[in-house]
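No experiment lies behind these values; they were computed from the predicted model shown. Chain letters run A, B, ... following the sequence lines, proteins first and then strands; every chain starts at 1.
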Protein chains: 2
Amino acid sequence: MTGPVQTPEPPYYAVIFVSEHADDDAGYAVTAARMDELVRGMDGFLGYDHAGEGFGITVSYWRDLAAIARWRAQAEHMMAQRAGKERWYARYSLRVARVERQSFYAKPPAA
Amino acid sequence: MTGPVQTPEPPYYAVIFVSEHADDDAGYAVTAARMDELVRGMDGFLGYDHAGEGFGITVSYWRDLAAIARWRAQAEHMMAQRAGKERWYARYSLRVARVERQSFYAKPPAA
């Protein structure tokens, strides 16, 4: 079982990244795997959900804005952000939002 | 061109819905199309992005919490929510978040 990830009680923050990939995906998979590894080591990182290919949405969850600022300024991540603009993404939107409420549902096992 | 959708200047709200589908998708496509039609007519609805199948993320954008509350309580949507729990979704998470910052990127046309 992967996702939807569980998160602690709000308030906390979500970074909502919606992207349309460009044709050039050279180096993307390796970098994405490295970013996955790096982000899990960041203080204040609470998890992320990702869906889609080509057109994708990644929502990462963070304890506070300071943790988001540190991730945004992480050196390898900054290089990845730059490569994303130059090569991998045709378009994207990026939002920072304060999570105020959450709920989780899981279907009970069939009888 | 579909998404990432454009939204007005923050603050506004995002509803982040992350779901894993169950095996039963009877009626899902028809209901999803009807919800798409209905939501576009809701006062305060600003658009949505969706990615993934099987495991999917939908982020809808709203002017304020009152608009989200009206959509949540819309009669046909309430029936769809119920069918979602009973049939279509194995698991989901639902978050309401206040968008504080946003940015958009589009790659310049190749020279």
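- Most heavy-atom pairs under 4.5 Å with chain B: of the set A:Pro10, A:Gly52, A:Ala22, A:Ala97, this distinction falls to A:Ala97.
- Note: the hydrophobic cluster containing A:Val59 also contains B:Leu46 (ILVMFWY, side chain heavy atoms under 4.5 Å, direct or indirect links).
- Here the side chains of A:Leu94 and B:Arg101 are not in contact, with every heavy-atom distance at 4.5 Å or above.
- Side-chain contact check for A:Tyr105 versus B:Ser19: every heavy-atom pair is 4.5 Å or farther apart.
- No path of Ile, Leu, Val, Met, Phe, Trp and Tyr side chains, each step under 4.5 Å between heavy atoms, connects A:Val5 with A:Phe45, placing them in separate hydrophobic clusters.
- Both A:Leu65 and A:Val15 are part of a single hydrophobic cluster, where members link through side-chain heavy atoms under 4.5 Å apart.
- Residues A:Arg91 and B:Phe104 form no side-chain contact, since every pair of their non-hydrogen atoms from C-beta on lies 4.5 Å or further apart.
- Put simply, the side chain of B:Lys107 gets close to the backbone of A:Lys85: a donor and an acceptor are under 3.5 Å apart.
- No continuous path of ILVMFWY side-chain contacts below 4.5 Å connects B:Val18 to B:Tyr28, so the two sit in separate hydrophobic clusters.
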Practice prompt. Walk me through it: do A:Thr7 and B:Arg95 pass the test side-chain hydrogen bond (donor to acceptor under 3.5 Å, both in side chains)?
Written response: CA-CA 10 Å; A:Thr7 37; B:Arg95 293 175 176 89; 2.7 Å; yes
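- With a threshold of 4.5 angstrom between heavy atoms, B:Ala14 approaches chain A through side-chain atoms but not through N, CA, C or O.
- Of the atoms belonging to B:Phe17, not a single heavy atom falls under 4.5 Å from chain A.
- Inter-residue side-chain proximity for B:Ile57 and A:Asp49 is flagged as met; some heavy-atom pair is nearer than 4.5 Å.
- A:Tyr92 is connected to A:Val96 through a chain of hydrophobic side-chain contacts under 4.5 Å among Ile, Leu, Val, Met, Phe, Trp and Tyr, so both are in one cluster.
- Neither the backbone nor the side chain of A:Glu53 comes within less than 4.5 Å of any heavy atom of chain B.
- For the pair A:Tyr13/B:Glu100, a side-chain contact is recorded, criterion being any heavy-atom separation below 4.5 Å from C-beta on.
- For the pair B:Gln102/A:Ile16, no side-chain contact is recorded, criterion being any heavy-atom separation below 4.5 Å from C-beta on.
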